[in-house]
Amino acid sequence: MLISQMFNNTTLHVLKKGIEGASKRHEAISNNIANVDTPKYQRATVDFENQLKRVLRGTDVSGRRTHPAHFIIGGPEAIPLVQPRVDIDNMTRFRPDKNNVNIDQEMADLAENSQRSDQFSELIRRRYQGLRRVLQEAGAR
């Protein structure tokens, strides 16, 4: 029970979703950069932070589970169900060939996303390091 709670908590779920979302965003930015000279290419963006915020704040519909076989409806338990959403930007016009990739913006987004991914990784590493320390101290007694 205690081990399950240590590895199955809201913080770890949020951090794991952060890594997953940053990875998906990296993929979208890479595709945008690769298609910077492709006529009519529309840039893709990835959103997962807003979904996580809605779930954590409970602004989405939520339900109460009275049995483990019931579906999860909202609340922190729904964090593992959040999926990064890829949106295509067809509202922005940047060039006459209808390609809307701004390479400077993509490079800035790539740098920011890399930093964010590194931060999520570092927080997960620290979290597991702390858990390992607790388990080692408990085993030493």
Side-chain angles (χ1 to χ4, degrees), residues 1-140:
M1 179 77 170
L2 179 62
I3 297 293
S4 173
Q5 289 175 344
M6 289 170 54
F7 293 100
N8 194 15
N9 62 51
T10 301
T11 303
L12 276 176
H13 287 309
V14 168
L15 293 173
K16 289 176 184 175
K17 279 296 162 187
I19 292 281
E20 184 182 325
S23 174
K24 192 76 172 176
R25 180 173 289 144
H26 188 86
E27 184 181 315
I29 294 170
S30 297
N31 282 335
N32 292 343
I33 292 170
N35 288 289
V36 69
D37 291 326
T38 304
K40 297 183 182 177
Y41 178 82
Q42 303 291 288
R43 70 185 295 261
T45 60
V46 173
D47 176 56
F48 65 95
E49 292 95 342
N50 289 328
Q51 294 176 62
L52 277 175
K53 284 177 189 172
R54 282 195 305 269
V55 168
L56 290 171
R57 289 181 183 154
T59 54
D60 281 345
V61 174
S62 65
R64 191 173 131 231
R65 289 176 73 194
T66 56
H67 190 274
H70 290 166
F71 289 110
I72 298 169
I73 304 172
E77 291 179 322
I79 291 171
L81 303 177
V82 170
Q83 294 297 317
R85 190 183 71 229
V86 178
D87 295 321
I88 303 298
D89 178 9
N90 3 342
M91 301 302 287
T92 308
R93 297 278 183 229
F94 188 65
R95 298 189 329 218
D97 66 358
K98 297 184 181 175
N99 179 314
N100 64 355
V101 175
N102 178 340
I103 193 68
D104 294 332
Q105 182 64 52
E106 297 301 327
M107 297 306 283
D109 290 349
L110 184 65
E112 181 182 332
N113 192 56
S114 292
Q115 281 184 330
R116 187 172 292 153
S117 179
D118 289 348
Q119 290 168 345
F120 287 133
S121 297
E122 178 62 20
L123 290 171
I124 287 175
R125 187 189 68 76
R126 287 183 189 177
R127 186 80 178 189
Y128 280 116
Q129 190 176 37
L131 291 173
R132 188 172 97 202
R133 198 172 307 128
V134 167
L135 292 173
Q136 284 174 339
E137 288 180 16

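The figures that follow rest on heavy atoms only: side chains count, while hydrogens, waters and symmetry mates do not. A quick note: this is a predicted structure, and the numbers were derived from the prediction, not measured.
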Which residue pairs pass the salt bridge (Lys or Arg N to Asp or Glu O under 4.0 Å) test when at least one of the two sits in residues 25-37, sequence neighbours left out?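 Salt bridge (Lys or Arg N to Asp or Glu O under 4.0 Å) check on residues 25-37 returns Arg25-Glu49.
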
For the side chain of [X] and the backbone of [Y], is there at least one donor-acceptor N/O pair under 3.5 Å apart?
X: Gln51; Y: Gln83; value: yes
X: Asn35; Y: Val101; value: no
X: Asn113; Y: Ala22; value: yes

According to side chain to side chain contact (heavy atoms under 4.5 Å, CB included), who are the partners of [X], at least two apart in sequence or on a separate chain?
X: Gln105; result: Asn102, Asp109
X: Arg132; result: Gln136
X: Ser30; result: His26
X: Ile33; result: Ile29, Ile103, Glu106, Met107, Leu110

Return the [atom1] to [atom2] distance between [X] and [Y], rounded to the nearest 0.5 Å.
X: Ser121; Y: Arg126; atom1: OG; atom2: CZ; result: 12.0 Å
X: Ser23; Y: Phe120; atom1: OG; atom2: CZ; result: 12.0 Å
X: Arg133; Y: Tyr128; atom1: CZ; atom2: OH; result: 15.5 Å
X: Asn100; Y: Arg95; atom1: CG; atom2: CZ; result: 9.0 Å

Going by heavy atoms in the side chains, are [X] and [Y] under 4.5 Å from each other?
X: Asp89; Y: Gln42; value: no
X: Thr92; Y: Arg43; value: no
X: Leu15; Y: Ile19; value: no
X: Ile79; Y: Leu56; value: yes

When you look at Arg116 and Glu112, which way does the salt bridge (charged side-chain N to carboxylate O under 4.0 Å, His left out) test go after all the steps? CA-CA 6 Å; Arg116 187 172 292 153; Glu112 181 182 332; 3.0 Å; yes

Full working for side-chain hydrogen bond (donor to acceptor under 3.5 Å, both in side chains) between Tyr41 and Asn32: CA-CA 8 Å; Tyr41 178 82; Asn32 292 343; 2.8 Å; yes

Sequence neighbours left out, what passes side-chain hydrogen bond (donor to acceptor under 3.5 Å, both in side chains) with [X]? Give chain and number order.
X: Asp47; value: Asn50
X: Gln129; value: Arg125
X: Asp87; value: Arg85

Listed partners of Glu20 passing salt bridge (charged side-chain N to carboxylate O under 4.0 Å, His left out), at least two apart: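 For Glu20, the residues satisfying salt bridge (charged side-chain N to carboxylate O under 4.0 Å, His left out) (neighbours in sequence not counted) are Lys17.
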
